[in-house]
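First the structure, in the form of structure tokens, and then the observations on it.
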Amino acid sequence: EVADELENEFISAFESSTAHIEHVEDFPIYLHQIFVFLAANEELYRQLLSSDAPLLFMSRLKNHLNETIHHRVKQHGI
């Protein structure tokens, strides 16, 4: 489905844009990067939210963010 492809593209691009942020101390930078990324990809984000399944996309994005934060916190023993 086109919406799934857009979601995967969006999340993959987000992962790439934040891959360099590895340390828990950089968490404020990570949060800032989320908003920078959303602003830079506003059109794609709007398309995803106007698709048939915006709640599913938001759930996937939230889960991805939670997993990333949890992994980085766990990885650094905090």
Side-chain angles (χ1 to χ4, degrees):
E1 183 175 316
V2 175
D4 288 338
E5 290 178 27
L6 285 175
E7 289 175 13
N8 292 337
E9 177 184 334
F10 187 86
I11 291 174
S12 178
F14 176 75
E15 287 175 340
S16 295
S17 74
T18 59
H20 66 285
I21 303 171
E22 297 180 0
H23 302 288
V24 174
E25 301 85 36
D26 297 331
F27 186 71
I29 296 169
Y30 183 74
L31 289 177
H32 176 73
Q33 188 62 36
I34 292 170
F35 294 106
V36 168
F37 180 81
L38 290 175
N41 294 279
E42 182 178 359
E43 185 59 35
L44 179 56
Y45 185 65
R46 285 180 188 268
Q47 288 176 1
L48 290 168
L49 291 181
S50 66
S51 70
D52 293 337
L55 293 179
L56 178 60
F57 167 68
M58 293 305 293
S59 176
R60 285 185 65 199
L61 184 59
K62 181 182 105 180
N63 288 340
H64 172 74
L65 293 173
N66 287 340
E67 289 173 12
T68 300
I69 292 167
H70 180 263
H71 173 74
R72 290 180 183 170
V73 167
K74 186 177 177 182
Q75 183 178 24
H76 294 281
I78 296 177

Rounded distance [0.5 Å steps], NE2 in His70 versus CG in Asn63: 13.0 Å

Taken in chain and number order and not counting sequence neighbours, the residues that satisfy side chain to side chain contact (heavy atoms under 4.5 Å, CB included) with Ile34 are Phe14, Tyr30, Leu31, Leu38, Leu65

Under the rule for side chain to side chain contact (heavy atoms under 4.5 Å, CB included), what residues qualify as partners of His32, not counting sequence neighbours? Val36

